[in-house]
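To find a chain, count down the sequence lines: A is the first, B the second, and so on, and within it residues start at 1.
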Amino acid sequence: MERTFIKDLPQKIGETVQLKGWLQTLRDQKSMQFLILRDNTGLAQVAHWKKGNPELAELISGIGTESALTLTGKVVENEIVKLGGIEIQLETLTVENNAELPLPFEPFAETLPDMDYRQDWRYLDLRRERNRLIFEVQTTLEHAMREYFVKHGFIEMHSPKIMGTPSEGGAEVFHIDYFERDAFLAQSPQFFKQMAQAAGFEKVFEIGPVFRADPSFTSRHMTEFTGVDFEISWIDSHEDVMAFCENWLAYAYTAVKEKHGEQIKETFDVEIEVPQTPFPRLTMSEAYAILKEMDYKLPPEKKGDLDPGAERALGEYVKNTYSNDFVFVTDWPATVRAFYHMRHADQPLLTKSFDLIGKGLELTTGAQREHRYEVLKAQAIEKGLGTELLQGYFDYFRYGCPPHGGLGLGLNRLLMVMLNLPSIRDAVYLFRGPNRLEP
RNA sequence: GGGGGCGUGGUGUAGCGGUUUAACAUGCGGCCCUGUCAAGGCCGAGAUCGCGGGUUCAAAUCCCGUCGCUCCCGCCA
């Protein structure tokens, strides 16, 4: 018999159907048993008259909530039933996998254990519709992003995550044993996507894992997360990168709104709004002027930079002023940016770079890259980086590398912002942090 | 790496110096119940109050240390 989904039961009145799902609740009474079955499309009541099949009744009495069941029964209309006025008169039942009792926690209880404990039993936590929705949204979001890239002639790349030298020379890389030598986990595909520019690919993107050995204990950091990176050639400035970015995000938001807008509203009480393009742009100096006006005081050591509080303040400002959740902050001082960010020809202390802030959270860093061999090398030296380790990277710029730029975006952070999730642990299938390697 | 908060039955909480043989909810077990539906009723099991030390006549309750979790800052996406 073919499987019927619970949402389709109203079309099956009078028929015998097969349902597959989990036991949400068992109400075991003297003469009747009621099983509430859950599949990914809804809940249905299954009724069993004990005297009609005492053996089956005994079997049912022994199954635990959350067990995986296959059952068959006749679909009947019954006004008394509060669950849609429909019930299944049970005929056969197979316990595919019984759930031991008691459960580590009840996924559908009103009060839930804290996040850390739920991580231990993540698969139970993920049975909640709310959590499945997050990953359905992620699927749509990622698919739309990829679709937009492909429509615009991008090549999708999969760069190595194991590297012989740290990708950006930073300290926060993971070391791993690699046969007789040391290796590192990629902090970003930055150098590889730039190599693709030298290769003449012109437009590339990559969606893949990135690793950061930061001992960060916040609601928005992970040691492994999904990075969405792209890089494009023959640009005139970082403006070209921002322009692509905002249209790309608006496209992705549109796809999510169309497919999940209603359910997101119901579940998270969040109205998905496709952001207005172009996004507001603030230069760093404009941002500082606004912060001053808002009376937000940056710590003195943050000179030329923004701290998370300043990002939240700017997020609030653009929401109030432009009704936009997004804002590009541009033209950051070279002192706080990576050596490979290109600087303005007429203002050598400022980079042609930007951050994208969404609802006050840093989502993206991007820039036009420095593609001139000598300038790039000089900037690395100026930052005090060892040029020997970077020589392989510098070599990308020796034989005809076009001007280019791009960005990296945290997919999980975008999900967080999109759905107003309180923690990045909600926006990732399995969290990886300084103290979390399981499951 | 720095700072704050929290750690009580399986889970979520209450209690915050003596009236606590540690309470409540939920879950679990048993019994009862003309079809329940956030089911209901009765009974029961389950906690040396994270761990170690100290103060005190008396500590879940105060102090110190330690571990764990969590949030903020740093770092970033």
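Ion pairing between a basic and an acidic side chain is recognised when a charged N comes within 4.0 Å of a carboxylate O; A/Lys265 and A/Asp269 show such pairing. Under the 4.0 Å criterion applied to side-chain N and carboxylate O atoms, A/Asp325 and A/Lys319 are assigned as salt-bridge partners. Salt bridge status for A/Lys50 with A/Glu58: absent, with no side-chain N to carboxylate O gap under 4.0 Å. Under a 4.0 Å N-O distance rule, the pair A/Arg343/A/Asp331 does not qualify as a salt bridge.
For A/Pro308, taking side-chain heavy atoms from C-beta onward, the closest of the listed nucleotides B/G74, B/A77, B/A38 is B/G74. The listed nucleotides are B/A77, B/C71, B/C28; the one nearest the side chain of A/Ser423 is B/C71. With B/A77, B/C73, B/C28 as the candidates, the nucleotide lying closest to the side chain of A/Phe225 is B/A77. Of the candidate nucleotides B/U36, B/C72, B/U26, B/U36 has the atom lying nearest to any side-chain atom of A/Val81. Nearest to the side chain of A/Gln45, among B/C72, B/C37, B/A77, sits B/C37.
Atom CG in A/Leu26 sits about 17 Å away from atom P in B/C33, given to the nearest Å. Per the geometry, CZ belonging to A/Arg27 stands 12 Å off P belonging to B/G27, to the nearest Å. Between A/Asp28 atom CG and B/C37 atom C1' the separation is 15 Å, expressed in whole Å. Look at CZ on A/Arg425: it is 15 Å from C1' on B/A77, rounded to the nearest Å. Residue A/Tyr117 contributes atom OH, which lies 12 Å from atom C1' of B/G9 at whole-angstrom precision. Taking atom CD of residue A/Gln33 and atom P of nucleotide B/C37, one finds them 16 Å apart after rounding to whole Å. Regarding A/Leu101, its CG atom lies at a distance of 15 Å from the C1' atom of B/A45, rounded to whole Å. In this structure, A/Lys51 atom NZ and B/U34 atom P are separated by 10 Å, rounded to whole Å.
On the P atoms, B/C49 is 7 Å away from B/A60, given to the nearest whole Å. B/G15 sits 12 Å from B/C62 when the P atoms are compared, rounded to a whole Å. Taking atom C1' in both B/G27 and B/A38, the straight-line distance is 15 Å, to the nearest Å. B/C37 and B/C24 have their P atoms separated by 25 Å, with the value rounded to a whole Å. Across B/A58 and B/C67, the matching C1' atoms stand 28 Å from one another, rounded to whole Å. Separating the P atom of B/G30 from that of B/C72 is a span of 45 Å, rounded to the nearest Å. Taking the C1' atom of each, B/G2 and B/A14 are spaced 34 Å apart, rounded to whole Å. Going from the C1' atom of B/C73 to that of B/C28 covers 44 Å, rounded to whole Å.
When the side-chain nitrogen and oxygen atoms of A/Ser219 are compared with OP1 and OP2 of B/C72, one or more of them lie within a distance under 4.0 Å. Distances shown here put every side-chain N or O of A/Asn78 at or beyond 4.0 Å from the OP1 or OP2 atom of B/G35. Between B/G12 and A/Arg118, no contact under 4.0 Å exists linking OP1 or OP2 to a side-chain N or O. Considering only side-chain N and O atoms, A/Thr365 lies under 4.0 angstrom from the phosphate OP1 or OP2 of B/A77.
Applying the 5.5 angstrom centroid cut-off and the 30 degree plane-angle cut-off, the aromatic ring of A/Phe105 is not stacked upon the base of B/G10.
Using a 4.0 Å heavy-atom cutoff across all strands shown, A/Val210 reaches no nucleic acid atom at all. Nucleic acid contact class of A/Met115 (heavy atoms, under 4.0 Å, all strands): none. At the heavy-atom level, A/Asp229 lies nowhere under 4.0 Å from the strands shown. Nucleic acid contact for A/Leu361: none, since no nucleic acid atom lies under 4.0 Å from a heavy atom of the residue. No engagement by A/Asp355 is indicated, since no non-hydrogen atom pair under 4.0 Å with the nucleic acid exists. In this structure, A/Arg337 reaches neither bases nor backbone, as no heavy-atom distance under 4.0 Å exists between it and the strands shown. Counting any heavy atom pair closer than 4.0 Å across all strands shown, A/Thr364 reaches sugar-phosphate atoms only and no base atom. Using a 4.0 Å heavy-atom cutoff across all strands shown, A/Pro215 reaches at least one base atom of the nucleic acid.
Of the two residues contacting RNA chain B, namely A/Glu362 and A/Arg436, the nearest-nucleotide position lying further toward the 5' end is that of A/Arg436. RNA chain B is contacted by both A/Ala109 and A/Lys30; A/Ala109 maps to the nucleotide lying nearer its 5′ end (nearest heavy atom per residue).
Under the Watson-Crick and G-U wobble criteria, each requiring two contacts below 3.5 Å, nucleotide B/C62 is paired to B/G54. In this structure B/G7 sits in a base pair with B/C67, meeting the Watson-Crick or G-U test at under 3.5 Å. Nucleotide B/G1: paired with B/C73 (Watson-Crick or G-U wobble, both distances less than 3.5 Å). In this structure, B/C16 forms no base pair with any nucleotide, since neither Watson-Crick nor G-U wobble geometry is met with both distances under 3.5 Å. Pairing for B/G46 is absent, judged as Watson-Crick or G-U wobble with the two contacts each under 3.5 Å.
Donor-acceptor pairing under 3.5 Å, judged by distance alone, is absent between the side chain of A/Arg220 and the base of B/C71. Taking 3.5 Å as the limit, the base of B/U34 and the side chain of A/Gln29 contain no donor-acceptor pair of atoms between them. Side-chain N/O atoms of A/Thr218 and base N/O atoms of B/C71 include no donor-acceptor pair closer than 3.5 Å. Side chain A/Glu110 to base B/G12: no donor-acceptor pair is found below 3.5 Å. Counting atom types as modelled, A/Ser31 pairs no side-chain N or O with a base atom of B/G35 as donor and acceptor under 3.5 Å.
Between A/Phe244 and A/Phe230, the ring center distance clears the sub-6.0 Å criterion.
Relative ring orientation between A/Tyr340 and A/Tyr393 is described as perpendicular, the plane-to-plane angle rising above 60° on a 0-90° scale split at 30° and 60°. The aromatic rings of A/Phe149 and A/Trp248 are tilted relative to each other, their planes meeting at an angle between 30° and 60°.
The cationic atom of A/Arg436 (NZ for Lys, CZ for Arg) does not lie both less than 6.0 Å from the six-membered ring centre of A/Phe431 and within 45° of the ring axis.
Counting heavy atoms from C-beta outward, A/Met145 and A/Tyr251 have side chains that stay 4.5 Å or more apart.
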